[in-house]
Amino acid sequence: MLQRTMSIELHRVQGKYNYDRLADAVVCVDKKVNFYGIVAEYEQPKSTRGDDCLCTMTVVDMSYNTPGLRVLYFAPADQMPRVNTVGDIIRFHRIQMRSHADAPQAIGNPKYGASFVLLSGLEGDGYEPYQKSHSRYSVEAHDRDIVDLLRTWASSHPIDTFAGTNKYMKQIKDINVESYFDLCCKILYVNEQSAENSVIIYVWDGTDTSPACLNPVEQGESDDPGQDLWSAKELALPVDVMRSFPVLGTVLPLVPFDVAEDDSGPQIPLAGDWVKLRNIGCRIRKGLYEGIFLHKSKIGILSPSTQAVQNCERAYKERLTSETLRLPQWCPKPPQSMLVTGYDHVKVSTLREVLTHPQVTNKFRCMVRVMATWPTDVLDFCVPLPESTAGGKDQPEQGAFVYAVRFTLEDPTGRLHVFLYGQDAVDFFVGYPAVDLRQQGDTVGALKRKVDRLLGVSESGPSNPPWVNCCLMSYYLDKERPHDTRRFRIFGTRFPG
DNA sequence: TTTTGGGG
């Protein structure tokens with residue numbers, strides 16, 4: 001009914017311009033046409049190898065709503081259509097119809113006469129464009145009729161029916177370095193402090209990346225694997241920034257995000273926006289996933305009402321409410337741990353919750369993987385007790401040694417250095433008190449077997465640490481500066497066997 | 001008038 005009405009309207013043209021329905025436009029290959037469309041997908045402008053920028057979009061109307069018509073618009077950066085929201089209405093004049101890969105497409109270029117106006121797709125929002133490519137434009141009676149028809153139709157056709165998921169779409173939990181993919185995700189943080197003209201954006205969809213291995217090439221490159229490769233700095237965003245993040249789910253950095261500047265400023269997505277990243281890749285650096293924004297990648301806007309966004313938010317809310325779903329998604333269920341704590345009834349916290357806890361001193365239970373130890377050699381796990389506690393210089397106390405070890409812990413939300421020290425370590429290693437390990441070969445062998453199990457060391461292939469639960473306690477070194485001198489240590493955790 | 005890029 002509406003289709004017929006629009007058809008009648010379109011052919012009863014009184015104004016200067018004749019507008020085609022999209023179904024009619026797509027058969028006009030190699031001709032220039034005028035049409036109205038609802039923007040179902042829109043990707044931000046990006047630079048090309050040529051002089052112009054390019055932005056792409058998919059437009060639909062009631063005559064042509066699946067899969068819609070792809071539009072490519074070439075123009076200088078300051079003449080790009082800047083679509084506010086999926087669902088807005090765009091009008092093109094003198095846009096060239098073409099065929100590519102057996103599908104119709106429209107190519108617009110103001111150099112060859114193309115123009116556009118953009119206006120809201122909501123009923124009752126008036127007829128004043130919020131952006132126009134030229135200062136002279138007209139909105140006649142029949143333009144208002146077409147806008148009304150499109151708005152009415154769109155109000156009963158949610159945008160999801162236009163821009164659903166596709167075969168390239170992945171969740172963060174399923175990404176791997178072998179393929180390119182699309183991601184529907186929320187921008188949590190935009191770091192503009194990094195290199196000039198480049199920013200790092202941090203994205204999230206509520207799911208957890210799979211455990212990553214260290215790249216053997218990187219291992220070879222590192223001078224000091226224990227200290228450098230497992231640096232906790234890689235994830236060290238300011239605590240107040242991390243505190244604004246959701247407590248579950250991996251936050252994926254996206255690098256490098258090249259910024260196309262123009263007169264209206266750089267086109268950087270804003271924190272809080274949901275976007276569809278198109279055709280991005282990923283890699284593993286220092287054991288952590290990074291998204292890679294390639295020259296073929298694009299960033300598309302998403303309405304928060306989109307089904308894909310709603311699905312992310314619903315799944316995340318469900319994760320929050322369930323003890324089991326809160327656990328890392330790649331951790332076996334029910335969880336098995338070679339470490340035993342005396343606090344298995346205590347709720348499991350993510351490392352992000354640990355890192356952002358408002359109180360400096362607190363206790364937690366975490367489900368983590370032990371990625372590395374420092375020292376790396378078990379032989380160096382015990383050190384002589386400091387003299388002040390070990391007795392006089394002239395009479396060193398027999399066996400006055402103490403464990404002093406640092407573990408690098410990881411879960412999908414973060415990486416954390418924790419200390420295993422003193423009596424907590426004696427309890428942890430069960431049956432192996434601190435000794436001068438250079439004098440105790442049997443103890444060294446037993447400890448090494450335990451540590452290798454903890455690190456998931458295997459004869460063939462890279463280490464794959466198992467998931468373990470452990471108790472952590474935060475404390476400070478300097479009472480005057482508790483936040484700046486906060487440290488973490490393992491307590492109440494045993495490694496029997 | 002028709003390069004750029006177009007889900008590589």
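Below, chain A is the first sequence line, B the second, and so on; all start at residue 1.
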Separation of atom [atom1] in [X] from atom [atom2] in [N], rounded to whole Å:
| X | N | atom1 | atom2 | result |
| --- | --- | --- | --- | --- |
| A/R94 | B/dT1 | CZ | P | 14 Å |
| A/K46 | B/dG6 | NZ | P | 6 Å |
| A/Q105 | B/dT2 | CD | P | 17 Å |
| A/L294 | B/dG5 | CG | P | 15 Å |
| A/N279 | B/dG5 | CG | P | 14 Å |
| A/Y73 | B/dT3 | OH | C1' | 16 Å |
| A/I95 | B/dG6 | CD1 | P | 16 Å |
| A/I107 | B/dG5 | CD1 | C1' | 8 Å |

| task | Please measure how far the C1' atom in B/dG6 lies from the corresponding atom in B/dT2, and state the result in whole Å. | result | 15 Å
| query | Which is true for A/K298 with a 4.0 Å heavy-atom rule: it touches a base, it touches only sugar-phosphate, or it touches nothing? | reply | sugar-phosphate
| task | Check every strand shown and say whether A/L54 touches a base, only sugar-phosphate, or nothing at a heavy-atom separation below 4.0 Å. | result | sugar-phosphate
Any Lys/Arg nitrogen of [X] or [Y] sitting under 4.0 Å from an Asp/Glu carboxylate oxygen of the other?
| X | Y | result |
| --- | --- | --- |
| A/R70 | A/E43 | yes |
| A/D205 | A/K173 | no |
| A/R243 | A/D240 | no |

| field | A/Y180, OH atom: more than 12 neighbouring heavy atoms under 6.0 Å | value | no
| In terms of the nearest nucleotide of DNA chain B, which residue is placed more toward the 5' end: A/R98 or A/D182? | A/R98
Would you state whether a donor and an acceptor, one from the side chain of [X] and one from the base of [N], lie under 3.5 Å apart?
| X | N | value |
| --- | --- | --- |
| A/D52 | B/dT4 | yes |
| A/N109 | B/dT4 | yes |
| A/K32 | B/dT1 | no |

| note | Taking every heavy atom of A/T48 against every heavy atom of A/C53, the minimum-distance pair comes out as CG2-C, 4.1 Å
| said: Less than 4.0 angstrom between a side-chain N/O of A/R278 and OP1 or OP2 of B/dG7, yes or no? | reply: yes
| request: Determine: side-chain N/O of A/R49 to OP1/OP2 of B/dG5, distance under 4.0 Å, yes or no. | output: yes
| message | Is the base of B/dT2 stacked against the aromatic ring of A/Y112, taking ring centres under 5.5 Å apart and planes under 30° as the test? | response | no
